[in-house]
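Note on naming: letters A, B, ... go to the chains in the order of the sequence lines (proteins, then strands), and numbering restarts at 1 for each one.
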Amino acid sequence: MKTEEKISNGVNIPPRYDPKETEDKWYKIWEEKGYFSARVNPDKKPFSIVIPPPNVTGMLHMGHALNNTIQDILIRYMRMKGYETLWMPGTDHAGIATQNVVEKKIAKEGLRRQDLGRDKFLEEVWSWRQEYGSTIIHQLKKLGSSCDWERIRFTMDEGYSKAVLEVFIHLYKKGLIYRGRRIINWCPRCQTALSDEEAPHKDLDGHLYYIKYPLKQTSPVKKSKAKKQKDDFVLVATTRPETMLGDTAVAVNPKDKRYKHLIGETVILPLMEREIKIIADNFVDTSFGTGAVKVTPAHDPNDYQMGLNHNLEIINIMEHDGVLNSNAGDYQGMDRFEAREAIINDLGERKLLEKTTPHLHSVGHCYRCSTVIEPYLSWQWFVNMKPLSLPAIEAVKKGVIKFYPKRWTKIYLNWMENIRDWCISRQIWWGHRIPVWYCVDCGIKKGKIKEVESGPDKSKSYVIRDPDAIVAHEAPDKCGTCGGNNLIQDEDVLDTWFSSWLWPFATFGWPHQASAQSKQKNELEYFYPTSVLVTAPEIIFFWVARMIMAGFEFRGKKPFSDVYIHGTVRDDTGKKMSKSLGNVIDPLEIINEYGSDALRFSIMSLTSAGQDVNLSKNKFEYGRNFANKVWNAARFIIMNLDSEKINSDVCLCSKKIDNLPERWILSQFYGLLEKLEKSFKQYKINEASKLIYDFFWHDFCDWYLEFSKLTISDPDTQIVLYRVLEKILRFMHPFLPHLTEEVWSNLPQREGLIINAPWPKMQKELVSKTADKQMQLIIDLITSIRNIRGEWRIPPGAEIECIMKVTDKNIKKIINDNRRYLQKLAGISEVKILEKITKVKSSASGVIGKIDFYIPLADVIDLAKEKERLLKQVDSFRLQLKGLEARLKNKQFLKKAPPQVVESEKEKSKELAGLIKRVCDNLEALRQ
RNA sequence: GGGCGGUUAGUUCAGUUGGUUAGAACGUUUGAUUUACAUUCAAAAGGUCACAGGUUCGAGUCCUGUACCGCCCACCA
């Protein structure tokens with residue numbers, strides 16, 4: 001009913017903004033009308049962003065919400081600024097993650113992927129992706145993301161896969177990709193190799209086990225050499241006792257006096273009863289543990305290196321799943337951790353476990369499933385990264401690519417300068433299969449391939465060492481050496497990041513046919529390098545650094561100019577949001593409850609550039625309330641507009657507007673425009689959102705709209721209300737796209753949709769310091785009078801009188817011109833301006849600038865209380881003055897401080913002294 | 001072991017190239033409701049800017065160190 005009554009101007013706008021009514025509606029219109037699509041346009045400058053492709057298994061979380069809101073704001077902002085904007089969307093096939101999901105799914109039917117076989121299993125994955133793969137895309141749309149969806153890419157698309165193969169072959173031919181036998185990070189659960197980046201180290205409370213390795217009794221000569229020491233055994237310390245089963249030496253530092261005499265001696269490896277040598281190696285740190293280290297070449301990278309150096313036997317004791325194999329003697333068939341306990345037990349029983357101490361150490365974990373990584377010796381494919389890193393280092397050092405905030409530069413460079421070879425082969429099925437074939441016949445002949453039977457069905461498979469590789473785009477027909485056609489393809493697939501690092505150009509269809517000047521080729525030329533990459537700190541090494549290397553290697557150009565690294569989304573106690581902690585806030589729930597715009601606005605305002613953000617659900621009220629405020633202010637204006645009066649294209653700067661509030665709000669608006677530009681340039685988007693919020697809520701609504709109510713039908717007020725509203729809506733559009741589009745559609749005069757409206761242009765002539773200053777005086781007066789009303793509990797209905805003492809003619813004019821505003825907003829019945837005031841009895845008083853004002857309050861005033869109030873004021877003034885005077889007495893200050901600072905200090909102190917005197921006079925008057 | 005970030009009002013956070021009365025939001029207190037909005041309006045209270053030194057006429061801001069919290073990196077058997 002309330003709504004019905006308020007219909008005015010023929011418009012009916014509900015008093016409460018309902019996002020549900022508008023968000024999907026406008027998104028559909030934008031998408032259908034093609035506002036998100038970008039094409040080569042030589043008349044415009046390009047602005048492009050490639051989305052960090054979410055995992056195809058992904059569900060929208062707050063991190064995505066933050067990441068994509070930032071990108072959408074930048075895209076919408078630049079679109080309005082007249083750039084040809086492209087936001088390239090897509091998803092990542094996420095090898096291990098996706099395979100895990102599908103494996104879990106078929107496990108419900110009691111199946112393992114091996115039961116299906118490779119081809120069948122991949123079919124399952126593809127059909128899973130068909131069904132669920134666009135979930136995250138729908139969710140991104142709910143957020144309002146203005147991606148060019150016609151271009152959506154997937155890292156397993158046919159074209160994209162070609163790029164991956166091309167790159168593999170290119171690097172192989174260049175000698176940068178090789179197959180090698182190395183200790184890599186092995187996840188026994190996912191049963192694949194991982195790169196160093198995929199095995200983050202976490203501190204774990206473990207133990208250091210001190211184990212006695214008995215010395216084999218040798219010649220008595222040597223034994224006597226040892227002082228009093230009982231050389232019955234060598235004590236070694238280890239955190240992973242189960243690996244001792246694969247020990248093939250004990251190492252000591254050659255300089256270590258404790259052990260010098262034992263070098264070359266033999267010890268008996270407990271439990272296995274194997275004779276192993278004591279070797280000397282500089283690697284051994286004399287200060288750690290006992291100074292003697294067990295050497296397990298197959299299960300520790302350092303030990304492996306020592307094994308190579310000393311030509312030690314390499315004994316692998318473990319299967320792919322972390323279960324000990326036949327090399328583990330009695331422990332065969334036990335899981336690695338089960339074996340650890342058994343071994344400790346057995347050693348204890350044999351009195352070979354000297355002691356166990358608690359030991360905090362850092363252990364690698366699988367970044368997909370958190371299983372403890374096993375350093376594992378195997379044949380894998382690697383990329384030699386060093387040569388690729390050089391241009392990538394230089395580009396960042398020279399500022400060709402800039403990080404925001406700057407501090408990430410150092411972190412990037414540190415990693416890049418210490419870059420290590422990248423293990424790119426994965427023992428999974430979902431991914432880009434390595435384009436390498438081997439000739440079985442040649443391989444067997446050379447002893448590089450062994451045929452084995454495995455599985456219950458005794459099917460044939462091959463153990464491949466390092467036979468000659470045939471690297472090709474397509475499966476070759478026959479072996480180039482023997483002409484045979486018994487060829488097998490490498491079983492492994494490539495690391496998912498081996499495809500992601502090509503994202504900025506592979507999404508444009510690279511590599512293109514050399515022949516034609518294809519459309520895609522033009523697009524790549526036009527949109528690449530992209531403008532900015534917006535991402536989270538976790539993937540600087542995984543992705544950002546590698547994209548930079550790939551950009552230079554394959555395109556000869558940087559992939560992007562700026563890298564904006566935003567913070568991590570945390571819960572209100574500062575913990576990272578994660579499903580396992582159960583502290584996630586679901587963005588979709590927030591969208592449902594508060595609206596997508598509220599989510600966007602809140603998260604952006606709360607996140608200062610590059611800083612982590614702590615969220616709790618109630619914080620989204622901030623954006624919801626703001627959206628509602630915008631809605632209602634617009635509602636008020638629209639209902640009061642007279643379309644004839646606003647029907648004017650006149651430039652506001654040429655139109656003479658005299659009224660102070662109008663001049664002031666225009667001045668504020670264009671001041672805001674300038675500040676916004678600055679904030680955007682530095683990616684300080686939260687600053688921009690706060691500027692808009694403050695201007696709109698406080699300057700525009702709290703002050704200007706209230707002022708405007710007095711002159712609402714004046715043509716000047718009408719024009720200013722309308723123009724400022726429609727322009728501020730444009731500022732808001734990147735943050736609140738749906739709401740602003742809806743409000744825009746309610747404006748009586750508008751062109752097209754706001755998504756395409758040009759960003760307002762600066763009009764310097766409208767920025768007026770005079771207007772700002774004059775208005776500030778009026779605002780201060782009103783605030784001061786309101787304060788008195790509050791202090792004296794004067795009911796809002798009660799009108800009071802205000803007597804002002806003003807001598808300055810200009811100020812008198814300002815007050816006179818604007819007295820109606822004072823009366824209305826401070827609730828004053830009459831403003832009397834006098835040049836001299838002899839005495840105002842029983843009144844509250846105040847001093848604002850050059851004005852003394854008095855409010856007679858005979859009925860309510862408590863003189864003692866008023867005295868106290870004034871005294872408090874004087875005290876605060878005096879305190880300030882004291883500081884100022886001290887400074888002005890300081891000769892150093894007068895000598896060294898810039899003259900304008902000294903000058904302004906002098907002025908201030910004069911002003912303060914004046915104020916103090918006037919308040920004191922008022923106090924004196926109270927006494928009489 | 002190395003590096004980075006943080007420490008400002010009860011809470012969550014801003015704070016430009018150092019400039020003198022350190023801001024906001026939420027919460028609290030007081031008052032307001034027929035006339036855009038209670039998802040509102042007006043007003044108030046609330047801070048020795050983690051600590052200790054230093055540079056400077058002047059430090060929340062720059063430098064050094066300390067403490068606590070968080071993060072990243074490292075071949076810590």
Between [N] and [M], how far is it from one [atom1] atom to the other, in whole Å?
N     : M     : atom1 : answer
B:A50 : B:A36 : P     : 46 Å
B:C26 : B:C63 : P     : 35 Å
B:U8  : B:C69 : C1'   : 16 Å
B:A24 : B:A42 : P     : 13 Å
B:A14 : B:A32 : P     : 37 Å
B:G70 : B:U30 : C1'   : 40 Å
B:A9  : B:A22 : C1'   : 11 Å
B:U20 : B:U66 : P     : 33 Å

Geometric class of the [Y]/[X] ring pair [parallel <30°, tilted 30-60°, perpendicular >60°]:
X        : Y        : value
A:Trp186 : A:Tyr376 : tilted
A:Tyr564 : A:Tyr683 : parallel
A:Phe707 : A:Tyr821 : perpendicular
A:Phe626 : A:Phe601 : parallel

Looking just at side-chain N and O atoms, do A:Ser608 and A:Gln611 make a donor-acceptor pair shorter than 3.5 Å? no
In B/S/- notation (B base, S sugar-phosphate only, - none; protein heavy atoms under 4.0 Å), nucleotides 71-77 of chain B written 5' to 3' is --SSBBB
Counting the atoms with a prime plus P, OP1 and OP2 as sugar-phosphate, which does [X] contact under 4.0 Å by heavy atoms, base, sugar-phosphate, or nothing?
X        : result
A:His698 : sugar-phosphate
A:Thr568 : nothing
A:Arg786 : sugar-phosphate

Specify the separation, in whole Å, of atom [atom1] of [X] and atom [atom2] of [N].
X        : N     : atom1 : atom2 : value
A:Glu706 : B:C41 : CD    : P     : 9 Å
A:Phe601 : B:A25 : CZ    : C1'   : 12 Å
A:Leu739 : B:U39 : CG    : C1'   : 13 Å
A:Leu641 : B:A36 : CG    : P     : 14 Å
A:Arg789 : B:C41 : CZ    : C1'   : 14 Å
A:Lys619 : B:C13 : NZ    : C1'   : 8 Å
A:Gln880 : B:G19 : CD    : P     : 17 Å
A:Arg16  : B:A36 : CZ    : P     : 17 Å

Pairs involving residues 892-901 of chain A, ordered by first then second residue, that meet side-chain hydrogen bond (donor to acceptor under 3.5 Å, both in side chains) (sequence neighbours left out):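 Matches after skipping sequence neighbours: A:Gln892-A:Lys896.
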Lys/Arg-Asp/Glu bridge criterion (N-O < 4.0 Å) met for [X], [Y]:
X        : Y        : answer
A:Glu791 : A:Arg869 : no
A:Arg258 : A:Asp256 : yes
A:Lys576 : A:Asp612 : no
A:Lys294 : A:Asp303 : no

Does [X] put a side-chain nitrogen or oxygen below 4.0 Å from OP1 or OP2 of [N]?
X        : N     : answer
A:Lys410 : B:C4  : yes
A:Asn787 : B:A44 : yes
A:Lys709 : B:U35 : no
A:Asn640 : B:A36 : no

Check your understanding: Between A:Met577 and A:Ile585, does a side-chain contact (heavy atoms from CB on, under 4.5 Å) hold up when you go through it step by step?
Key -> CA-CA 8 Å; A:Met577 280 190 187; A:Ile585 300 176; 3.7 Å; yes
- Should the pair A:Lys410 and A:Trp415 be classed as cation-pi, given the thresholds of under 6.0 Å to the six-membered ring centre and 45° from the axis? no
Does A:Phe382 have A:Arg182 sitting over its ring (NZ/CZ under 6.0 Å from centre, angle to axis within 45°)? yes
Of A:Arg407 and A:Trp697, whose closest RNA chain B nucleotide lies nearer the 5' terminus?
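Looking at RNA chain B, the more 5' nearest nucleotide goes with A:Arg407.
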By nearest-heavy-atom nucleotide on RNA chain B, the more 5' of A:Glu687 and A:Asn890 is A:Glu687
Looking only at B:C13, B:A25, B:C57, the nucleotide nearest the A:Ser608 side chain is B:C13
- Message: Nearest to the A:Asn632 side chain among B:A36, B:C13, B:G19, which nucleotide is it?
- Response: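 Among B:A36, B:C13, B:G19, the one nearest the side chain of A:Asn632 is B:A36.
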Residue pairs passing the salt bridge (Lys or Arg N to Asp or Glu O under 4.0 Å) test with at least one member in residues 685-710 of chain A, sequence neighbours excluded, are A:Glu706-A:Lys709
Residues in residues 872-879 of chain A with a heavy atom under 4.0 Å of RNA chain B, by number, are none
- Query: Are A:Tyr412 and A:Trp408 an aromatic pair by the rule of ring centers under 6.0 Å?
  - Reply: no
Please tabulate the protein-to-nucleotide N/O contacts below 3.5 Å involving nucleotides 46-48 of chain B, giving atom names and distances.
none

* Asked: Checking side-chain hydrogen bond (donor to acceptor under 3.5 Å, both in side chains) for the pair A:Thr22/A:Tyr17: CA distance, chi angles, key distance, verdict?
  -> CA-CA 9 Å; A:Thr22 63; A:Tyr17 172 58; 2.9 Å; yes
Output row for RNA chain B, stems defined as at least 3 consecutive Watson-Crick or G-U pairs under 3.5 Å, is B:1-7 with B:67-73, B:10-13 with B:23-26, B:28-32 with B:40-44, B:50-54 with B:62-66
